[in-house]
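Positions are given from 1, in the same order as the sequence printed here. For clarity, every value in this text was computed on a predicted model and none was experimentally measured.
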Amino acid sequence: YGHSIKVRPLGEDKEIPDILFHGTSPEYLKSILKEGLKPQKKQFVHLSLTEQIAYKIGKRKSKNPVILKINASALKKDGFRMWREQDVILIERVPAQYIIEVVNCNTN
C-alpha cells in the first residue's frame, strides 16, 4: 500500500467509518500530537478500521503501544481524501487536531 512502489489510489472511498485508529509507540506520541501523523518513509499514513487491528500494528513498534482515535468524519468533511485498500485506510496525512483520543495500552 505505497511502501516501496509509488502508487496512487484510483478513487475516493465513500464507505469509511467515522472513527479510525492508528497504533504507534509511546515515544512518538509527543511529536504526533504536535505535528500530526505523517507518512514518514511511506507514501501514505495507514489507519485501521478497529482498535484491535491498530493495537496489533502498534505492537510491531512497541511492547506497550498507544492507540490514536482519529476523527475520520471531520477529515472527510474538511476535504481530506481517504482510500480503502482491504482493511487499511490510506490518507496523505492526519493533522493533529483530528486526533480525538489517545488510548494507553500499557499492560504493566
Got [X] and [Y] here, is their nearest side-chain heavy-atom distance under 4.5 Å?
X: L47; Y: V88; answer: no
X: Y28; Y: S62; answer: no
X: H22; Y: I67; answer: no
X: E101; Y: L68; answer: no
X: I91; Y: L75; answer: yes
X: L37; Y: R93; answer: no
X: V94; Y: I32; answer: no
X: L90; Y: H46; answer: yes

message: Using the side-chain hydrogen bond (donor to acceptor under 3.5 Å, both in side chains) criterion, which residues pair with K61? Sequence neighbours excluded.
response: none
How long is the span from the [atom1] atom in [X] to the [atom2] atom in [Y], to the nearest 0.5 Å?
X: R60; Y: T24; atom1: CZ; atom2: OG1; answer: 12.0 Å
X: E85; Y: F44; atom1: CD; atom2: CZ; answer: 9.0 Å
X: Y98; Y: K76; atom1: OH; atom2: NZ; answer: 13.0 Å
X: L20; Y: S48; atom1: CG; atom2: OG; answer: 8.5 Å
X: I16; Y: L49; atom1: CD1; atom2: CG; answer: 8.5 Å

task: Taking the six-membered ring for Trp and the single ring otherwise, decide whether the centroids of Y55 and F21 are under 6.0 Å apart.
output: no
Give me the atom names and distance for the closest heavy-atom approach of [X] to [Y].
X: I89; Y: M82; result: CG2-CB, 3.9 Å
X: E92; Y: P39; result: O-CD, 3.3 Å
X: A96; Y: L33; result: CB-O, 3.2 Å

task: Please list, chain by chain and in numerical order, all residues satisfying side chain to side chain contact (heavy atoms under 4.5 Å, CB included) with K56, sequence neighbours excluded.
output: none
message: Before you tell me yes or no, could you show the steps for I70 and I100 under side chain to side chain contact (heavy atoms under 4.5 Å, CB included), namely the whole-Å CA-CA distance, both residues' side-chain angles and the distance that decides it to 0.1 Å?
response: CA-CA 6 Å; I70 309 297; I100 56 175; over 6 Å; no
- prompt: Is it the case that one hydrophobic cluster holds both I57 and L29, taking links as side-chain heavy atoms less than 4.5 Å apart, direct or via other members?
  reply: no
message: Is there a path of hydrophobic side-chain contacts, each under 4.5 Å between heavy atoms of I/L/V/M/F/W/Y residues, joining V45 to V102?
response: yes
- prompt: Does K63 offer a backbone N or O that forms a donor-acceptor pair with the side chain of K59 under 3.5 Å?
  reply: yes
